[in-house]
Amino acid sequence: MRLGLALGYWGRGPDPGHLDLAREAERLGYDSVWTAEAWGSDAFTPLTWIAAHTTRIRLGTAVAQMAARTPTATAMHALTLDHLSGGRMMLGLGLSGPQVVEGWYGRPFPASPLTATREYVDVIRQVLRREAPVEVEGRFHPLPYRGADAVGIGKALKPITHPLRATLPVLLGAEGPKNIAQTTRIADGWLPLYWSPLRTDVYAASLTGLPADFVIAPMARARVCDDVAEGLLPVKAMLGFYIGGMGHAARNFHADLMARMGFEAEAHRVQELFLAGRKEEAVRAVPDAFADEISLIGPRERIAERLDLWRKGPVTDLLITAPDPHTLRVLADLNS
């Protein structure tokens, strides 16, 4: 099982420690480093900055939001950074949810998310292969565009720049069972939002017949500390925000996922408290058991035992969100 460093997206501003963490991860032998975006910092610019200050570690987006860019624009970002980094780029994509897609990007959330995702990936694959001008008779991403408001002279094109790799890896952040199953068919890997090594059966039906070399790369917050309960607080805060605030009361993919993982009543309670403005209570309502299952928190010996559970399942890459270099070093040592 390879280790990666997940840096996420910025909060109020850039984290001054991120570059040092990425360089330390490279020194320790971590395989990859990943950036993200929500409705603030973008995913590609920080990754390019990291690429310029490293030499070996692979570079991934986990995730870049599909609604933020047309698929050809995303392919341009990926092939450009792949060239500049010497072939280290991995493109992780996510659909996001209706509140962000319609509220931030000003676009309709696709009525058929699976179809929209499939078309998006198809366009990117065509750009990277550069075998012919890109053409898709798509419902959501038609190329060339021939809608009722089109001028009518759109021309199918292929990229001027020759991509460095036609096989640049494309991974998808998918949560629903059908979306995960499709991911195994159209992508090179899957980026689970939550993964519990104690509940792999939740995903079993969607992961049947995996292709060779298919990547499964969940994120897990890690921290070496003596007080497990205190160490879990940032995990619970993250879960409270995602389950309570990252979606509408009637349509929240993160809350749905927590429910499928065996915590349905708790997910509804967290959502109810968060949407009522009782955010601190929402965080406290996140079960310690759930937060603990999807993270690696505690003394070194405890983390070592729990890391063995992650290795026994289908996970190929564990993307660590770690607040300090010491935790990165301990995990590198335990995984060697």
Side-chain angles (χ1 to χ4, degrees), residues 9 34-39 42-44 47 59-82 89-147 150 154-159 161 163 165-193 206 211 214-217 251 253:
Y9 46 79
W34 303 75
T35 56
E37 59 190 9
W39 50 90
D42 78 283
F44 290 99
L47 202 61
L59 310 155
T61 54
V63 294
Q65 295 181 325
M66 289 184 244
R69 307 163 190 86
T70 64
T72 45
T74 298
M76 289 165 64
H77 276 294
L79 73 85
T80 301
L81 185 47
D82 202 42
M89 177 67 197
M90 296 178 289
L91 181 60
L93 300 169
L95 201 58
S96 192
Q99 280 196 320
V100 175
V101 173
E102 298 184 357
W104 181 249
Y105 294 115
R107 303 180 62 177
F109 188 78
S112 177
L114 271 70
T115 302
T117 299
R118 190 164 58 248
E119 290 179 11
Y120 202 101
V121 172
D122 181 22
V123 171
I124 289 172
R125 298 286 201 197
Q126 288 191 48
V127 172
L128 294 175
R129 289 195 299 267
R130 201 181 178 273
E131 294 172 345
V134 180
E135 293 190 83
V136 174
E137 293 291 335
R139 175 181 174 187
F140 298 99
H141 303 289
L143 284 173
Y145 178 69
R146 298 188 178 93
K155 180 182 178 181
L157 302 168
K158 62 181 179 180
T161 304
R165 294 180 296 162
T167 56
L168 187 153
V170 176
L171 301 91
L172 295 174
E175 294 183 54
K178 292 181 180 178
N179 203 351
I180 296 168
Q182 175 176 267
T183 296
T184 67
R185 298 191 299 271
I186 68 172
D188 301 297
W190 172 42
L191 297 161
L193 180 62
S206 300
F214 187 79
V215 172
I216 298 179
R251 194 168 188 181
F253 301 137

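Just so we're clear, the structure is a prediction, and the values are computed from it rather than from any experiment. Atom set for the values below is all heavy atoms of this structure, side chains included, hydrogens, waters and symmetry mates excluded.
- Here the CD1 atom belonging to Ile180 is positioned 9.5 Å from the CD1 atom belonging to Ile216, to the nearest 0.5 angstrom.
- At least one side-chain heavy atom of Trp34 sits under 4.5 Å from a side-chain heavy atom of Met90.
- Note that the CD1 atom of Ile124 and the CG atom of Leu93 stand 5.0 Å from one another [nearest 0.5 Å].
- With contacts defined as side-chain heavy-atom distances shorter than 4.5 Å, the pair His141/Val136 does not qualify.
- To the nearest 0.5 Å, atoms CZ (Arg139) and CD (Glu119) are separated by 8.5 Å.
- Each of Leu91, Val215, Thr61 was evaluated against Leu171; a single residue qualifies, Val215, per the side-chain contact (heavy atoms from CB on, under 4.5 Å) test.
- The CH2 atom of Trp190 sits 14.0 Å away from atom CD of Gln182, with the distance rounded to the nearest 0.5 Å.
- Within the 4.5 Å cutoff, the side chain of Tyr120 has no heavy atoms near those of the Leu172 side chain.
- For the atom pair CG (Asp82) and CZ (Arg165), the distance works out to 4.0 Å, reported to the nearest 0.5 Å.
- Side chains of Arg69 and Phe44 form a contact here, defined as non-hydrogen atoms less than 4.5 Å apart.
- Shown here are the salt bridge (Lys or Arg N to Asp or Glu O under 4.0 Å) partners of Arg129, two or more places apart in sequence or in another chain: Glu131.
- Although no hydrogens or angles enter the test, the distance criterion places a donor-acceptor pair under 3.5 Å between the side chain of Arg125 and the main chain of Ile186.
- For Arg130 (side chain) and Pro159 (main-chain N/O), a donor-acceptor pair under 3.5 Å exists by modelled atom type.
- Val134 is not listed as a side-chain neighbour of Pro71, based on a closest heavy-atom distance of 4.5 Å or more.
- To the nearest 0.5 angstrom, Leu47 atom CG is 5.5 Å from Met89 atom CE.
- Formation of a donor-acceptor pair under 3.5 Å by the Glu37 side chain with backbone atoms of Asp42 is not found in this model.
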